[in-house]
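Side-chain atoms are counted along with the backbone in the values below, which use heavy atoms only and exclude waters and symmetry mates. None of the values given here were measured: they were computed from a predicted structure.
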Amino acid sequence: MAALSRARVPQSVLFVCGLNSVRSPMAESLLQRMFPQALYVRSAGVRKGETDPFAVAVMAELGQDISGHRPMTFEELDDWEGLNFDLIITLSPEAHHKALELTRTLAADVEYWPTQDPTGAEGNREQKLEAYREVCDGLLLRIRKRFAKAGVASG
């Protein structure tokens, strides 16, 4: 049954991490750009963070503007529009735990994509940006692999 649900093409995807300030907004923007009409994509966090300037800078290098992103918790998203997603992709252990808790009452598949948090990167600005780029590149590869396999066609 798990293989069958994974093969199902999701129409709505929620990315979740700890603070909804780096990993999940990056993933949201990357997937939305790839399939602008085919998928409904959002992101949320277990707790509410602040928009991260390094994440904004790295996404701008790809021509994607996430400067207007406003971090949101699961609860805020639920209040705002509901949690009606086919697929929830969790990027941190705490987000995965929270998503599994929620899916006891939601009909959504949950996938865990362990993703390094770049906010603790040491060094100068360029070294920190490089840590964020690595996270972004990893997310992009994972998204391409997951959604190409799902048969979602850009159009």
Check for a donor-acceptor pair, side chain of S29 on one end and backbone N or O of M26 on the other, with a separation under 3.5 Å. no
Check whether any side-chain heavy atom of V22 lies under 4.5 Å from a side-chain heavy atom of P118, and answer yes or no. yes
Side chains of C136 and M59: does their closest heavy-atom pair fall under 4.5 Å? yes
Partners meeting side chain to side chain donor-acceptor pair (under 3.5 Å) with S21 (sequence neighbours left out): none
Nearest heavy-atom contact between I66 and T51 is O-CG2, 4.3 Å
Quick check: do R146 and L31 have side-chain heavy atoms less than 4.5 Å from each other? no
Taking all heavy atoms of G63 and all of R33, pick out the closest pair and write down the distance. O-NH2, 2.7 Å
Using atom types as modelled, flag every donor-acceptor pair under 3.5 Å from a side chain in residues 10-18 to any protein atom, sequence neighbours excluded.
| from | atom 1 | to | atom 2 | distance (Å) |
| --- | --- | --- | --- | --- |
| S12 | OG | N84 | O | 3.4 |
| S12 | OG | D86 | N | 3.0 |

Nearest heavy-atom contact between A27 and I143 is O-CD1, 3.7 Å
Enter the distance from L77:CG to E81:CD here, rounded to the nearest 0.5 Å. 4.5 Å
Minimum heavy-atom distance S43-N20, with the two atoms named: OG-ND2, 2.8 Å
With a 4.5 Å cut-off on side-chain heavy atoms, are I88 and D109 touching? no
Would a 4.5 Å heavy-atom cut-off, applied to side chains only, mark L91 and Y112 as touching? no
Tell me which one of R47, R42, K48 satisfies salt bridge (charged side-chain N to carboxylate O under 4.0 Å, His left out) with E76. K48
On a heavy-atom basis, which atom in V46 and which in T73 lie closest, and how many Å separate them? O-CG2, 4.1 Å
Side-chain (R23) to main-chain (T115) donor-acceptor, under 3.5 angstrom: yes
Show your working on side chain to side chain contact (heavy atoms under 4.5 Å, CB included) between L102 and D78 and close with a plain yes or no. CA-CA 11 Å; L102 285 171; D78 192 17; over 6 Å; no
For T103 and A108 the tightest heavy-atom approach is CG2-O, 3.8 Å
In short, ring pair (Phe, Tyr, Trp, His ring centres under 6.0 Å) pairs touching residues 52-83 with sequence neighbours left out are F54-Y132
Using the side chain to side chain donor-acceptor pair (under 3.5 Å) criterion, which residues pair with E126? Sequence neighbours excluded. R133
Taking the side chain as C-beta and beyond, is there a heavy-atom pair between V110 and H96 under 4.5 Å? yes
For the residue pair L19 and T119, establish whether any side-chain heavy-atom pair is separated by less than 4.5 Å. no
So M34 and R144, do their side chains get closer than 4.5 Å, heavy atoms only? yes
Determine whether T90 and E111 satisfy the following criterion, side chain to side chain contact (heavy atoms under 4.5 Å, CB included), listing intermediate values before the conclusion. CA-CA 6 Å; T90 60; E111 293 180 15; over 6 Å; no
Going by side chain to side chain donor-acceptor pair (under 3.5 Å), name the residues that satisfy it together with E75, two or more places apart in sequence or in a different chain. K98
Would you please name every residue forming a salt bridge (charged side-chain N to carboxylate O under 4.0 Å, His left out) with E101, sequence neighbours left out? none
Check whether more than 12 heavy atoms from other residues, nucleotides or ligands sit under 6.0 Å from atom CD of Q127, and answer yes or no. yes
